[in-house]
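For reference, the structure discussed in these notes is given below.
Just follow the structure's listing: the first ligand is 1, and inside any ligand the first atom is 1. Treat the numbers as computed from the prediction; the structure is a model and nothing was measured.
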Amino acid sequence: MKAIVLARYGPPDVLSYEDVPDPVPRAGEIRVRVHAASVNRVLDVSLRAGKEIARGPALPLIPGVDCAGVVDAVGPEVTRWRAGMRVAAAGVMPLAPCAQDGTGYVGPSGMMGIKRPGGFAELVVVPACAVIELPDALDFHYAAVVVRHVPTAWNLLVNIAELKSAETVLIMGAAGNLGSVGIQIAKNVIGATVIAAAGSEDRAALAEQFGADHVVNYGANDIGAEVMRLTQSRGVDVLYDNIANPEILPKAFRALGVGGRLVTAGAHAGPNVSIDFAHLYHKRITIKGRPGYRPADLPRCLAAAAAGKIKPRIDRVLPLAQAAQAHRLVESGRAVGKIVLDPTLG
Ligand SMILES: NC(=O)c1ccc[n+]([C@@H]2O[C@H](COP(=O)([O-])OP(=O)(O)OC[C@H]3O[C@@H](n4cnc5c(N)ncnc54)[C@H](OP(=O)(O)O)[C@@H]3O)[C@@H](O)[C@H]2O)c1
């Protein structure tokens, strides 16, 4: 099969499009013919550049931390899945065979595309317990992005922040991946009031298209003052930030009102940010970091996406052979929305 192989860290051109042996599913594993794998700023681009060595990637590596496609073969003892089923998988999964429903699994785990071969390939083998069936209404390109971003955003807003319909949330980096799906979960699933904030006029305008009630361009305006104006000085109930911009986040933090909750699963512009502790205790604020997601939410996320309540923005779909170009686009900041690699396009 064709795959992208990362044998050493470096610029995008170190990503090599080459022939490798077809992977063979072991007991409890399935093989997926990949139709989509998303390209990520940290887990693909920074990892390729050698900035994520702490995650312990095993080189040479087929990257790609998610995949959506069709079951192509099943290993021994797999009864839940059969060839032809439409599926997706993402993120952390067992490194050894596991029970098909995931119950009782206690062995070592790690991310596909980091600790085990990933989705930047025509075929990928994943544990049967790590796979979810896709609704017919969801195409593969969107499905890969949904499994990558929506469950994390869902977990932060629904489970961790416990955002309510009567509350107001401030979504930072609102034109980004977690930001844009965060707006749609807050608005279309929870029914909360959404103030979406981004660093430029066009990115703020994009946030409006995702359904935000109000938008703020923090590149040109004081985010704290704008939010206090929009909330009649009450402040917001939830601050959803996955960027940790040291210039902007301290101002947004001061726009959290009484009982406010700051939730986060990302810090690519930080990680160190100065926080006003007086505001923290006076307003009884809690800060919760929570990467990942609850597997039980996956079907809810896919159903919401299939129903059109959550639609991630895809900048473009490229053939697998153009993985290096995809990395350049993400690095340049010119991509607005996700870049998806589709190995069926070459
Ligand atoms: N733990 C998990 O489960 C999980 C899952 C997905 C993502 N994440 C993490 O969450 C974070 C956000 O992911 P994402 O895919 O939403 O990111 P993204 O779309 O690539 O970027 C989000 C926003 O960050 C701002 N930004 C980008 N580069 C920046 C820089 N160098 N300095 C300052 N601001 C910058 C931009 O907003 P403005 O220019 O408008 O400010 C951008 O829209 C990442 O750190 C990612 O690793 C975690």
V42 neighbourhood, listing ligand 1 atoms whose heavy-atom distance to it stays under 4.0 Å: 45 (O), 47 (O)

Considering only protein heavy atoms, which is closest to atom 32 (N) of ligand 1, and at what distance to one decimal place? A269 CB, 3.4 Å

Give me the residue, atom name and distance of the protein heavy atom closest to atom 10 (O) of ligand 1. L178 CD1, 3.3 Å

Looking only at protein heavy atoms, which one is nearest to atom 29 (C) of ligand 1, and what is the separation? H268 CD2, 3.9 Å

Given G333, P291, G91, S38, which has its nearest heavy atom closest to atom 1 (N) of ligand 1? P291

Could you list the atoms of ligand 1 found under 4.0 angstrom from a heavy atom of A198? 40 (O)

Assess the side chains of T264 and D241: does a donor N or O sit below 3.5 Å from an acceptor N or O? no

Who's the nearest protein heavy-atom neighbour of atom 48 (C) of ligand 1, and how far? A265 O, 3.0 Å

Got the closest protein heavy atom to atom 5 (C) of ligand 1, with its distance? T152 OG1, 3.6 Å

N/O of S200 under 3.5 Å from N/O of ligand 1, yes or no? no

Electrostatic pair E167:K164 at N-O distance under 4.0 angstrom: no

Measuring from non-hydrogen atoms of Y293 to any atom of ligand 1, is the shortest distance under 4.0 Å? no

Counting heavy atoms under 4.0 Å, the part of H149 that contacts ligand 1 is side chain

Give me the nearest non-hydrogen protein atom to atom 15 (O) of ligand 1 as residue plus atom name, then the distance to 0.1 Å. N177 ND2, 2.9 Å

Which of the numbered atoms in ligand 1 are under 4.0 angstrom from any heavy atom belonging to G266? 9 (C), 10 (O), 11 (C), 45 (O)

For A267, which part has a heavy atom under 4.0 Å from ligand 1: side chain, backbone, both, or neither? backbone

Output yes when R300 and D297 qualify as a salt bridge under the 4.0 Å nitrogen-oxygen rule, no when they do not. yes

Relative to the ring of H279, is the ring of F253 parallel (under 30°), tilted (30 to 60°) or perpendicular (over 60°)? perpendicular

Distance-only side-chain donor-acceptor flag, D342 / H141, under 3.5 Å: yes

Can you list the atoms of ligand 1 that are under 4.0 Å from a heavy atom of Y218? 38 (P), 40 (O), 41 (O)

Ranking D241, N242, V336 by closest non-hydrogen atom to atom 11 (C) of ligand 1, top hit is N242

Return the residue, atom name and 0.1 Å-rounded distance of the protein heavy atom closest to atom 39 (O) of ligand 1. R203 NE, 3.6 Å

Kindly confirm or rule out an N or O of G199 lying under 3.5 angstrom from an N or O of ligand 1. yes

Candidate pair K251 and E226, rule salt bridge (Lys or Arg N to Asp or Glu O under 4.0 Å), full reasoning: CA-CA 10 Å; K251 296 177 187 163; E226 277 299 293; over 6 Å; no

Can you tell if the side chain of I339 reaches within under 4.5 Å of the side chain of V330, non-hydrogen atoms only? yes

Which protein heavy atom lies closest to atom 20 (O) of ligand 1, and at what distance to 0.1 Å? R41 NE, 2.6 Å

Has ligand 1 got any nitrogen or oxygen that is less than 3.5 angstrom from a nitrogen or oxygen of R148? no

Just by distance, do the side chain of N221 and the backbone of N217 share a donor-acceptor pair under 3.5 Å? yes

Ignoring hydrogens and geometry, is there a side-chain-to-backbone donor-acceptor pair from R31 to V24 under 3.5 Å? no

Heavy atoms, side chains only, cut-off 4.5 Å: are F140 and V70 in contact? yes

Around atom CZ of R234, are there more than 12 heavy atoms from other residues, nucleotides or ligands closer than 6.0 Å? yes

Consider every N or O of G292 and every N or O of ligand 1, then say whether any pair is closer than 3.5 Å. yes

So does E247 have more than 12 non-hydrogen atoms from other groups sitting under 6.0 Å from CD? no

Any heavy-atom pair between the side chains of V340 and Y142 that's under 4.5 Å? no

